[in-house]
2 protein chains.
Amino acid sequence: MQALKSAQTRARLIDATIRVLVRSGYSRTTTPQVASEAGLSRGAMLHHFDNGVSLIKATIMHLHERRLRAFRRAAERSAQDQGAMVRTYWKQIQKPAFIAFHELAVAARTNSDLATVLMPLQVEFRQRYNQLAVQLYPEWQAEPGTFALAMAVSQATMEGMAVNLLTGAMDASLVEPVLQSLENQLHALRPALPGDQCA
Amino acid sequence: MQALKSAQTRARLIDATIRVLVRSGYSRTTTPQVASEAGLSRGAMLHHFDNGVSLIKATIMHLHERRLRAFRRAAERSAQDQGAMVRTYWKQIQKPAFIAFHELAVAARTNSDLATVLMPLQVEFRQRYNQLAVQLYPEWQAEPGTFALAMAVSQATMEGMAVNLLTGAMDASLVEPVLQSLENQLHALRPALPGDQCA
DNA sequence: TAAAAAGCGGTCATGAATGTCTTTTTTTGT
DNA sequence: ACAAAAAAAGACATTCATGACCGCTTTTTA
């Protein structure tokens, strides 16, 4: 029973970390902030995570798991409705989890402690991403290069758009047209079928 | 003469700030770091900028000016070589200035001091961006909506790809194919000319 | 039931960044 | 050459995040 309670408290701390990351950004995310947000004393918090970096690392791994699960759900849903992949991923990207993950990814660029945790997860995500998608869309299997391209274009466009929205670099009214355009592009990239040369 | 020296010192401090932002990230960019990087004492630095936020604000404005100049050059070059816009912007995006600007843009999301400076500049950039591009590519003027879409797609895709490269979310071998695909997409978006329905 | 372990709260000293202030040095103008 | 102004350097107190340590309470276990 004490193991369960411990796990619950750890989860509470990680959730609090995500909220603080979204609200205050990485640079203002401090251990007192997280402890307060979780409704715990700082002393209790340091009992579950030896130091602040340890908490951030755990948060990174937690967000990674969530991202994998979210992508799996998105893939399953879009297996039924062929064109739903773009919309489903776009919905995922707008949740707080993505904002927090982006904050950590940016921080990891200049923090080797975080980078050693985050970089392998990024590689793993790409692998699973492609692996699952290929088995869901067998018509792509003949052209793995084109498939990887389609995935990269989707990821770069949607995540770039999400970041640009957050930083005011893009007008919100353009979101829908860009998504539509991306869907058209993905359609054009699909392996040629009989009578499909012209849009 | 003292005004010139003062301006030079200010420029040195701003350049130092950019280097520190690239090397250490926003969260570890401190006034002692910047002063040391600029080869000045902290006291001297605070003589030119009242406080740390003031220095960051000046850096934001400086990067904004550079971004406008860079875009202007890119536009002029791509006016001669029609398809060079993508490549030229991609080159710009990989420079340290973009990394520093991105760090500041992410920080501005949760820092109202920076946001009040950055947000209006983002709006101004979008306006000038479209303004200049429209006059360079007159064939788009009939379809301003499609043109804004093309710009948004380009910006989101390339900046998203740049960020994903920095954070390890994308494999570097996919850069070239994505750029190629983006060029194709832009070509497809161009106003229909006689005998241009099919790729 | 006693002992051990874990959850939790609180206190402490340390280190570092910040902004203000004062002092020294250099430059400028008369 | 000298006095005023500006640049540069340094000193200072304050604030705050951090990690370590100690004590209390509850739960598990022997």
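The chains referred to below are lettered A, B, ... by the order of the sequence lines, with proteins before strands, and numbering in each begins at 1. No experiment lies behind these values; they were computed from the predicted model shown. These values consider heavy atoms only, across backbone and side chains, with no hydrogens, waters or symmetry-generated copies.
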message = Can you confirm whether the side chains of B:Arg23 and A:Thr110 place a donor and an acceptor under 3.5 Å from each other?
response = no
key: Over all atoms of both residues, closest heavy-atom pair of A:Glu103 and A:Leu21   = CG-O, 4.2 Å
ask   = Can B:Thr29 and B:Ser24 be counted as having a side-chain donor-acceptor contact under 3.5 angstrom?
value = no
task = Looking only at non-hydrogen atoms, find the nearest pair between B:Ser173 and B:Pro177 and report the distance.
result = O-CD, 3.4 Å
key: Members of residues 25-44 of chain A that approach DNA chain D, where some heavy atom sits under 4.0 Å away   = A:Thr30, A:Thr31, A:Pro32, A:Arg42
message = When you measure from the side-chain N and O atoms of B:Ser6 to the phosphate of D:dA6, is any distance below 4.0 Å, counting only OP1 and OP2?
response = no
query = Under the salt bridge (Lys or Arg N to Asp or Glu O under 4.0 Å) criterion, do A:Glu76 and A:Arg72 qualify, and how do the steps go?
reply = CA-CA 6 Å; A:Glu76 287 166 357; A:Arg72 191 177 306 270; 5.7 Å; no
Over-ring placement of A:Arg67 relative to A:Phe125, 6.0 Å and 45° cut-offs = yes
key: Residue-level proximity of residues 8-18 of chain A to DNA chain C when a heavy atom falls under 4.0 Å   = A:Thr9
task = Begin with the C-alpha distance, continue with both residues' side-chain angles, and end with the deciding distance and a verdict on salt bridge (Lys or Arg N to Asp or Glu O under 4.0 Å) for A:Glu176 and A:Arg87.
result = CA-CA 10 Å; A:Glu176 188 52 37; A:Arg87 306 298 169 152; 2.8 Å; yes
task = Starting from the first five and the last five pairs of the helix from C:dT1-D:dA30 to C:dT30-D:dA1, work out the angle between the resulting helix axes, to 10 degrees.
result = 20°
message = By the salt bridge (charged side-chain N to carboxylate O under 4.0 Å, His left out) test, which pairs, at least two apart or in different chains, include something from residues 149-168 of chain B?
response = none
key: Residues within residues 45-57 of chain A bordering DNA chain C, heavy-atom distance below 4.0 Å   = A:His47, A:His48
key: Check: B:Arg42/B:Thr31 side-chain N/O donor and acceptor closer than 3.5 Å   = yes
inquiry  = I'd like to know if A:Arg128 pairs up with A:Glu124 as an ion pair, taking the criterion as any Lys NZ or Arg NE/NH1/NH2 lying under 4.0 Å from an Asp or Glu carboxylate oxygen.
reply    = yes
query = Where is the tightest heavy-atom contact between A:Ala100 and A:Leu63, given as atom of each residue plus distance?
reply = CB-CD1, 4.0 Å
key: Pairwise ring pair (Phe, Tyr, Trp, His ring centres under 6.0 Å) hits with a residue in residues 16-52 of chain B, at least two apart   = none
